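A note on names: the letters A, B, ... follow the listed sequences, proteins ahead of strands, and every chain is numbered from 1. Owing to the predicted nature of the structure, the values given are computational and were not obtained by experimental measurement.
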Amino acid sequence: MSTELGHFALILALATAIMQSILPMVGAARSDTRLMNVAPMAAVTCFALVLLSFAALTQAYLTSDFSVLNVFENSHSLKPTLYKFTGVWGNHEGSMLLWILILAFFGALVAVFGNNLPPTLKANVIGVQGWILVAFLLFIIFTSNPFIRISPPPFEGQDLNPILQDIGLAIHPPLLYLGYVGFSISFSFAIAALIEGKIDAAWARWVRPWTLTAWMFLTAGISMGSYWAYYELGWGGWWFWDPVENASFMPWLLGTALLHSALVMEKREALKIWTVLLAIMAFSLSLLGTFLVRSGVLTSVHAFATDPTRGVFILMILCVFIGGALTLFAFRASSLRAGGIFAPISREGALVLNNLFLTTATMTVFVGTLYPLFLEVISEEKISVGAPFFNLTFGPLMVPLLLAIPIGPLLSWKRGDLLGAMQRLYVAILGGFAVALVVIYVQTGAPILAAVGIGIGIYLIIGSMAELWMRAGLGRMAFSKSLGRLKGLPRSIYGTAMAHFGVGVTVIGIVAVSAFSSEDIVAMQPKDQIEAGGKTIIFEGIENAQGPNYQVQIGHFTIMEAGREIGKTTSEKRFYPARQMPTTEAGIVTYGASQLYVSLGDPQANGGLVVRIWYKSWVTFIWYGTVFMVLGAIISLSDRRLRVGAPAARKTKAAAQQGASA
Amino acid sequence: MSKVLTSFMALIFLTLSVPAFAVNPDEILDDAELEARARVISADLRCLVCQNQSIDDSDADLARDLRVLVRNRLVEGDTNKEVIDYVVSRYGDFVLLKPSFSAKNLFLWIAPALFLLIGGLLAFVKLRNPDHEKVSAPLSSDEKDKLKQILNQ
């Protein structure tokens with residue numbers, strides 16, 4: 001019964017979304033307030049209906065209602081309750097429903113919190129959001145309906161893919177989708193602005209918090225996914241340049257570019273056309289990612305389970321939205337007036353450089369991901385483009401970008417003083433150099449590149465604080481006065497510093513783990529021991545046990561340092577009978593920023609067991625860095641200037657500029 | 001992340017390959033230098049039956065065969081390039097995770113530089129000839145008076 005209710009709610013949501021997509025926009029065109037007022041009501045109703053639908057599916061999962069095909073195919077009555085819940089989005093149909101739920105959620109957020117927007121802009125934004133909703137509701141109802149029943153209902157379900165039976169599934173997809181789908185708001189704002197033919201600094205100010213929110217979630221989602229893969233897949237890799245990863249990475253790169261160009265637009269009214277284009281492209285890449293993943297075109301070897309109609313349907317959505325948006329852009333872009341001018345060496349110039357490199361990096365990932373497909377279509381030749389390609393092309397593109405990060409905020413708007421900025425960064429530059437030299441000295445034989453990488457990381461960490469230091473006048477005036485100044489700085493400056501600091505931390509983690517980790521692959525008998533990262537690991541033996549829905553072999557290990565026991569860890573190999581699939585649960589122990597990573601392999605004929613032991617130097621820095629980036633976004637979002645309405649914002653902006661020039 | 005994400009988002013793979021457990025102790029060469037070279041070569045070769053894994057990371061049987069093959073060739077005295085050429089001659093370009101620098105891959109390899117160049121040129125041209133519309137708005141009479149005042153100070 002509740003399943004039918006959910007099904008019905010989904011169809012009602014479609015009807016509501018159709019209204020949402022038409023009436024407010026007609027209202028905006030005719031300046032009809034009553035029609036425009038439909039927008040918030042429709043958006044909130046639509047969200048409530050999709051939520052109801054989602055709740056119905058969740059109910060079916062929690063009660064293991066195997067008369068629902070989707071539950072039968074992806075759940076099992078013995079599955080722990082948490083995974084019954086997260087299993088709702090651990091499959092194609094359910095994850096599409098989550099996608100739509102979040103889409104409707106963002107629409108409702110604009111409806112509720114968008115009171116500071118001009119009425120026509122608000123109506124148009126919610127209207128465009130309605131179009132996207134209509135497209136995806138049609139998609140789910142006609143090609144991926146999660147509410148299909150089967151008769152007679154089977155007694156037991158086919159279980160969820162065991163790799164997904166992990167806390168990671170509870171966190172990673174919702175975060176990732178909040179990011180992916182969050183860019184739809186920037187997109188809707190861009191389209192609404194193009195329709196109205198009006199775009200100014202105030203527009204940039206309205207869009208920025210939404211972009212920042214989406215970016216924050218996407219950062220957290222990608223980072224979380226990376227850590228999940230790291231601990232779940234049993235070989236300690238944290239990024240694979242897989243097409244599916246690239247699909248989430250491209251919107252992130254472009255979203256990062258958008259954040260920075262929106263800044264220029266907000267402060268200086270420059271780069272308007274470019275910013276609008278970025279807003280369109282960031283969400284287009286989210287759509288492309290959805291298409292690549294759903295249609296399975298990139299993984300044709302294994303795509304046997306994919307329904308081609310789904311791929312074609314999303315491809316149509318893709319063409320309509322991206323094509324439509326770009327056409328509109330082509331017609332309207334010229335009507336947008338360009339804003340303030342600036343010298344190449346200026347804050348704006350630095351942000352243009354940022355955009356240039358981020359966009360090129362995005363295109364590199366894009367070409368690398370799609371080239372094999374392209375080549376196969378035109379010449380039937382099959383090639384692979386994997387991690388070595390991306391490391392070779394993407395890596396070098398990042399170096400100038402990273403070097404420019406601390407310099408940008410120290411340049412003034414309009415016309416900056418590069419030499420002056422560099423002079424102010426002398427502490428950071430020297431620090432980076434010194435640390436690079438120390439790395440070479442301590443790790444004799446360390447690759448020069450690794451030393452340079454660590455040096456860049458240190459330079460970023462120190463350099464990110466330079467703006468705060470300068471603005472506070474630390475060292476130039478009484479400490480208490482500096483402290484007062486620090487308090488008075490807008491929070492967005494702290495957010496920027498924090499996020500850039502995080503980039504430095506992540507860079508150090510990436511370089512260190514690639515250059516200084518150790519790996520041992522050995523066949524061990526019980527009581528055998530091995531050295532890793534200055535510690536002795538003793539293999540205590542294997543124990544067989546039974547989990548709720550799996551059988552498990554548990555390897556016990558004792559960790560000794562200087563003859564003293566400092567800890568124990570276990571590493572597991574599980575087997576899930578329902579899907580006939582094994583998984584590994586690595587034993588991971590953290591020491592400072594580094595981790596000891598123990599993974600079990602196959603038993604040997606002589607009673608021994610293959611064990612792989614890694615000492616991953618500073619690996620956690622990779623994810624700590626992203627935590628700083630997310631914190632930076634949160635601090636920046638709490639900035640008063642982003643929360644207040646447009647008219648008040650102008651005042652504070654003027655005040656801030658006075659403060660900046662003072 | 002690849003497999004987690006793929007399996008979650010796409011559910012394309014009814015049979016995900018077993019969690020990777022690649023190089024086994026019995027494969028490792030006694031000569032550390034040769035072994036190191038084998039690892040470097042393996043990282044650039046694709047496991048043909050896997051999704052997006054190198055033979056170094058994959059535990060599929062075919063990957064194991066390839067790893068052994070690579071090591072045998074190295075022991076026989078092949079250079080890295082000879083080993084890779086041999087593997088390509090048997091399995092085709094698909095086996096290379098780092099595509100060859102050949103005519104058909106030209107665009108792939110020059111794309112990053114090309115984009116950077118075009119983008120940089122566009123930005124440069126734009127920055128040199130910005131639209132002056134807004135900036136060159138004439139001064140109002142008030143502003144002119146003010147300017148005169150300042151200049152006469």
Side-chain angles (χ1 to χ4, degrees), chain A residues 90-92 95 161 163-164 168-169 173 225-226 228-229 232-235 237 239-240 242 244-245 293-294 296 299 302-303 305-306 337-341 344 352 356 359-360 363-364 367-368 371 375 379 381-389 393 397 521-523 581-584 599 601 610, chain B residues 1-16 18-28 43-44 46 49 51-54 57 59 92-100 104-105 107-109 111-116 119-120 123-124 126-128 130-135:
Chain A
N91 60 85
H92 170 78
S95 73
N161 183 335
I163 287 185
L164 300 179
L169 182 64
S226 158
W228 182 15
E232 177 68 29
L233 294 181
W235 42 304
W239 189 259
F240 305 91
D242 187 83
V244 181
E245 284 174 328
V293 176
R294 294 284 154 227
T299 46
H302 290 80
T306 313
R337 291 205 315 168
I341 54 165
V352 168
L356 176 62
T359 314
T360 306
M363 289 310 294
T364 303
V367 172
Y371 197 76
L375 199 65
S379 70
E381 278 188 80
K382 281 179 82 76
I383 63 160
S384 306
V385 178
F389 169 83
T393 51
L397 279 174
I521 307 159
V522 283
M581 273 178 65
T583 69
T584 59
S599 186
V610 174
Chain B
M1 178 149 151
S2 59
K3 271 202 284 187
V4 175
L5 255 180
T6 319
S7 47
F8 151 64
M9 291 171 90
L11 282 198
I12 311 162
F13 316 104
L14 287 182
T15 55
L16 271 154
V18 178
F21 199 82
V23 184
N24 275 297
D26 54 349
E27 298 168 16
I28 296 175
D44 283 357
R46 178 183 191 137
V49 295
Q51 230 259 299
N52 182 27
Q53 279 179 325
S54 70
D57 293 328
D59 66 342
D93 271 2
F94 188 61
V95 79
L96 293 173
L97 279 173
K98 188 171 87 184
S100 57
K104 67 171 190 279
N105 298 335
F107 180 71
L108 175 70
W109 281 105
L114 202 65
F115 284 124
L116 196 61
F124 184 72
K126 269 278 175 199
L127 287 191
R128 280 187 56 132
D131 293 317
H132 285 276
E133 276 182 76
K134 188 159 183 184
V135 185

> Which one, A:Thr393, A:Ile383, A:Thr364, A:Leu397, leads in non-hydrogen pairs under 4.5 Å with chain B?
Replying inline: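 The candidate making the most pairs under 4.5 Å is A:Ile383.
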> Out of B:Leu96, B:Leu108, B:Asp93, B:Leu114, which one racks up the most heavy-atom pairs below 4.5 Å with chain A?
Replying inline: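 Looking at each of B:Leu96, B:Leu108, B:Asp93, B:Leu114 in turn, B:Leu108 comes out on top.
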> Quick one: what part of B:Ile28 sits under 4.5 Å from any heavy atom of chain A, side chain, backbone, both or neither?
Replying inline: side chain
> Could you give the distance from CG (B:Asp57) to CZ (A:Phe240), rounded to the nearest 0.5 Å?
Replying inline: 7.5 Å
Closest approach of [X] to [Y] (non-hydrogen atoms, all atoms of both residues):
X	Y	value
A:Ser384	B:Pro99	O-CG, 3.2 Å
A:Pro388	B:Ala43	CG-O, 4.0 Å
A:Leu356	B:Gly120	CD1-N, 3.4 Å

> Are any of the side-chain heavy atoms of A:Ile521 and B:Glu27 separated by less than 4.5 Å?
Replying inline: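 No, every pair of side-chain atoms sits at 4.5 Å or beyond.
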>> If you define the side chain from C-beta out and look only at heavy atoms, does anything of A:Thr359 sit under 4.5 Å from B:Phe115?
In response: no
> Tell me, side chain or backbone of A:Val385 under 4.5 Å from chain B's heavy atoms, or both, or neither?
Replying inline: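 When you check distances to chain B, atoms from both the backbone and side chain of A:Val385 fall under 4.5 Å.
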> Among all residues two or more places apart in sequence or in another chain, which pass the ring pair (Phe, Tyr, Trp, His ring centres under 6.0 Å) test with A:Tyr371?
Replying inline: A:Phe374
